[in-house]
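Below is one structure, written out as structure tokens; the observations come after it.
Proteins come first, then strands; the chains are lettered A, B, ... in the order of their sequence lines, and each starts at number 1.
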Amino acid sequence: MKFYITTPIYYVNGAPHIGHAYTTVAADVLARWKRLEGHEVFFLTGTDEHGQKVEKAAAAAGLDPQSFTDRVAAQFREMTAWMGASNDDFIRTTEPRHKRACAALWERLSERGEIYLGEYEGWYAVRDEAFYAESELLTGTDGARFAPTGAPVEWVGEPSFFFRLSAWQDRLLAFYDAHPDFIQPTSRRNEVVSFVSAGLTDLSISRTSFRWGVPVPGHPEHVMYVWLDALTNYITAAGYPEEAAPRWQFWPANLHLVGKDIIRFHAVYWPAFLMAAGLAPPRRVFANGWWTVEGEKMSKSLGNVIDPHDLVSRYGLDPVRYFLLREIPFGNDGSISHRAIITRMNVELANDLGNLAQRSLSLLARHCAAALPARSPPTEDDEALAAAAAALPSRVAGALDRVAFSEALEEVWKVIRAANAYIDHQAPWALRRTDPPRMAAVLRVLADALRFIATVLQPFMPASMARMLDQLGVPVDARDLAALAAPLPPGTALPAPEAVFPRFVEDAA
RNA sequence: GGCGGCGUAGCUCAGCGGUAGAGCAGGGGAAUCAUAAUCCCUUGGUCGGGGGUUCAAAUCCCUCCGCCGCUACCA
């Protein structure tokens with residue numbers, strides 16, 4: 001089975017922040033999980049580099065747009081690397097392959113009569129890349145007009161090509177109706193449906209007022225609307241317009257992860273463009289929320305911006321990945337704080353999981369000659385823990401299919417807590433004197449449970465779980481879900497255990 | 001203004017018609033294999049206010065209050 005997942009392509013008018021890192025990590029976990037399940041995965045991320053806003057930002061930085069975007073795009077590429085993303089491709093909308101795909105899509109829409117030339121006049125906010133109705137504008141104290149977002153607006157009048165979006169209203173509603181899970185979470189779906197139901201107007205999809213964009217075929221004085229350009233990236237990377245390209249088999253994408261601010265572009269315009277071009281719309285769009293800092297909006301003026309790179313250097317990559325997906329239900333807004341990260345790290349990673357592995361493994365190292373004992377006929381308690389662990393792959397799969405990362409992790413932690421209770425109740429350290437064979441049996445049950453736990457946690461914390469699986473003696477080629485069906489042979493050598501998740505000790509300063 | 005969501009233990013939240021739940025935080029105890037980690041027990045809520053339906057409501061309906069999202073309008 002093929003699985004195609006994307007992050008948004010990130011707009012290069014600013015440096016990567018926690019929101020970008022968040023969506024990237026979420027997509028990465030799903031990509032890694034699907035690979036673990038044995039799917040053929042295509043995981044795409046990249047940068048959105050056109051538009052007047054970038055053109056102006058480049059000018060302000062004293063650079064030409066290409067040099068400017070080269071520089072910022074590199075920062076995003078680095079961000080994906082230090083967040084541990086396993087993306088299969090990194091697309092930039094300034095690449096030739098993308099301009100080719102945009103031109104091809106445009107021509108196809110044009111041939112099908114979905115595009116016409118008209119005149120656009122209106123208040124335009126460069127910062128938002130959007131037009132606003134007169135009635136939406138706010139007036140500042142000096143009489144200047146502003147968009148509802150606070151962005152300055154200017155009156156723009158220019159010839160423009162239009163996409164017949166209004167003609168797609170009914171078909172979009174029918175599509176949402178036929179695919180109830182297309183937009184998630186449900187609250188976003190309701191918003192989109194009510195937006196479309198309220199009526200759609202044709203969409204202006206070209207500009208003549210600036211140059212930094214993909215030229216419209218046959219009309220070089222026009223560049224394409226940035227969102228038509230940007231959304232096309234998802235099919236560019238799949239090989240469009242070469243529908244014979246191997247990657248084209250990945251289309252339609254299984255899941256577009258997006259921030260909640262861009263749900264409309266992905267859930268309304270994008271399926272409309274695709275259907276109008278005779279292409280299949282994506283299967284699902286999931287909008288995640290925003291992070292706040294101690295409940296306050298993150299902003300430069302408040303001075304409370306949390307830089308994901310700082311978090312990673314301070315706490316380590318895996319704890320940060322874990323925190324981001326564990327702390328809140330995906331789709332909700334969430335609050336981030338050093339206190340909250342440290343609590344999760346110490347309580348759940350160090351105490352619950354890290355210490356469970358360490359206490360089990362050190363008993364194995366010391367009293368079982370550093371080798372995996374044979375399995376014994378299970379007692380009722382053994383059976384209960386083994387069954388809970390064995391159920392993890394399907395439970396985690398169920399949660400992740402709903403993009404419910406925190407639920408998936410909660411399922412794993414239920415088993416970790418059960419394993420801690422099990423080791424306490426069985427007390428293998430006492431059995432060492434009274435019943436050594438039973439001690440070995442108990443430690444084997446724990447090692448097997450830990451293998452399930454570490455295996456399903458790999459997508460969340462790849463490096464840490466690799467170390468844990470090393471310590472459990474699991475061969476590198478036996479770490480996917482299918483391999484769990486075969487127990488490790490008794491006598492498997494176990495390397496000396498070393499703490500995987502040390503407690504985080506705060507500086508006295 | 002319209003549509004939608006939310007308001008449950010100190011904190012974050014689950015439950016969504018049938019004797020109030022989890023994690024964290026707080027209190028007591030056990031254990032000592034382990035990263036002073038773990039395990040067991042426990043304190044704590046008139047489920048935003050009021051009204052209604054029902055044998056039975058946190059759960060359904062109405063209304064009010066407070067937050068939030070989308071959207072519209074401001075003649």
**OP:** Can you tell me the distance, in whole Å, between the NZ atom of Lys414(A) and the C1' atom of rA14(B)?
**Re:** 10 Å
Subject >> Whole-Å distance separating the OH atom of Tyr422(A) from the P atom of rA37(B) >> reply: 25 Å
Original post:
What do the steps show when you test Ser313(A) against Asp310(A) for side chain to side chain donor-acceptor pair (under 3.5 Å), and what is the final call?
Top reply: CA-CA 5 Å; Ser313(A) 34; Asp310(A) 288 348; 4.6 Å; no
Subject >> Polar contact flag, side-chain donor to acceptor under 3.5 angstrom, Gln184(A)-Arg402(A) >> reply: no
Original post:
Which heavy-atom pair separates Ile263(A) from Val192(A) by the least distance, and what is that distance?
Top reply: CG1-CG2, 4.1 Å
Subject >> Below 4.0 Å: OP1/OP2 of rA37(B) and any side-chain N or O of Arg503(A) >> reply: yes
**OP:** Between Arg344(A) and Ala198(A), just flag the one whose closest nucleotide in RNA chain B comes earlier from the 5' side.
**Re:** Arg344(A)
**OP:** Using the C1' atoms only, state how far rG7(B) lies from rC64(B), rounded to an integer number of Å.
**Re:** 14 Å
Original post:
Mind checking the P distance from rG17(B) to rU35(B)? Whole angstroms is fine.
Top reply: 48 Å
Subject >> Residue closer to the 5' end of RNA chain B, Arg188(A) versus Asn332(A) (nearest nucleotide) >> reply: Asn332(A)
**OP:** Whole angstrom is fine here: how far is it from CG in Leu353(A) over to P in rA37(B)?
**Re:** 16 Å
Original post:
Do the ring planes of His179(A) and Phe175(A) sit parallel (below 30°), tilted (30 to 60°) or perpendicular (above 60°)?
Top reply: tilted
**OP:** Using a 4.0 Å cut-off on protein heavy atoms (strictly under), produce a 5'-to-3' string for nucleotides 27-34 of chain B with B for base contact, S for backbone-only sugar-phosphate contact, and - for none.
**Re:** ----SSBB
Original post:
When rounded to the nearest Å, what value does the distance between P atoms of rC24(B) and rU38(B) take?
Top reply: 9 Å
Original post:
Any side-chain heavy atom of Ile183(A) within less than 4.5 Å of one from Asn190(A)?
Top reply: no
**OP:** Could you tell me the separation between the CD atom of Glu410(A) and the C1' atom of rG23(B), rounded to a whole number of Å?
**Re:** 7 Å
Subject >> Residues Lys260(A), Asp333(A): salt bridge by 4.0 Å N-O rule >> reply: yes
Original post:
Between the side chains of Glu114(A) and Trp168(A), does any donor sit under 3.5 Å from an acceptor?
Top reply: yes
Subject >> Interatomic distance at P, rA9(B) relative to rG44(B), whole Å >> reply: 15 Å
Original post:
Phe323(A) CZ to rU12(B) C1': how many Å, rounded?
Top reply: 11 Å
Original post:
At under 4.0 Å between heavy atoms, what does Val500(A) touch on the DNA or RNA strands: base, sugar-phosphate, or nothing?
Top reply: base
**OP:** Rounded to whole angstrom, note down the C1' distance from rG45(B) over to rU19(B).
**Re:** 16 Å
Original post:
Dot-bracket for RNA chain B: what is it, with Watson-Crick or G-U pairs under 3.5 Å, [ ] where a pair crosses earlier ones, and | for a pair to another strand?
Top reply: ((((((((.[[[[.)..(..]]]].(((((.......))))).....[[[[[..)....]]]]])))))))....
**OP:** Answer with base, sugar-phosphate or nothing: what part of the nucleic acid does Asp333(A) contact at a heavy-atom distance below 4.0 Å?
**Re:** nothing
Original post:
Roughly, in whole Å, what's the span from CG in Asn420(A) to P in rG23(B)?
Top reply: 13 Å
**OP:** Nearest whole angstrom, please: distance from the C1' of rA37(B) to the CG of Leu349(A).
**Re:** 14 Å
**OP:** Locate the shortest heavy-atom distance separating Ile262(A) from His266(A); write the atom from each residue and the value.
**Re:** O-ND1, 3.0 Å
Subject >> Closest non-hydrogen atom pair between Ser204(A) and Tyr120(A), with its separation >> reply: CB-CD1, 3.5 Å
**OP:** With P as the reference atom in both, quote the distance from rG18(B) to rC61(B) in angstrom, rounded to an integer.
**Re:** 15 Å
Original post:
Can you check the Leu385(A) CG to rU38(B) C1' distance for me, whole Å?
Top reply: 15 Å
**OP:** Return yes if some donor-acceptor pair links the side-chain N/O of Trp413(A) with the main-chain N/O of Glu348(A) below 3.5 Å, else return no.
**Re:** yes
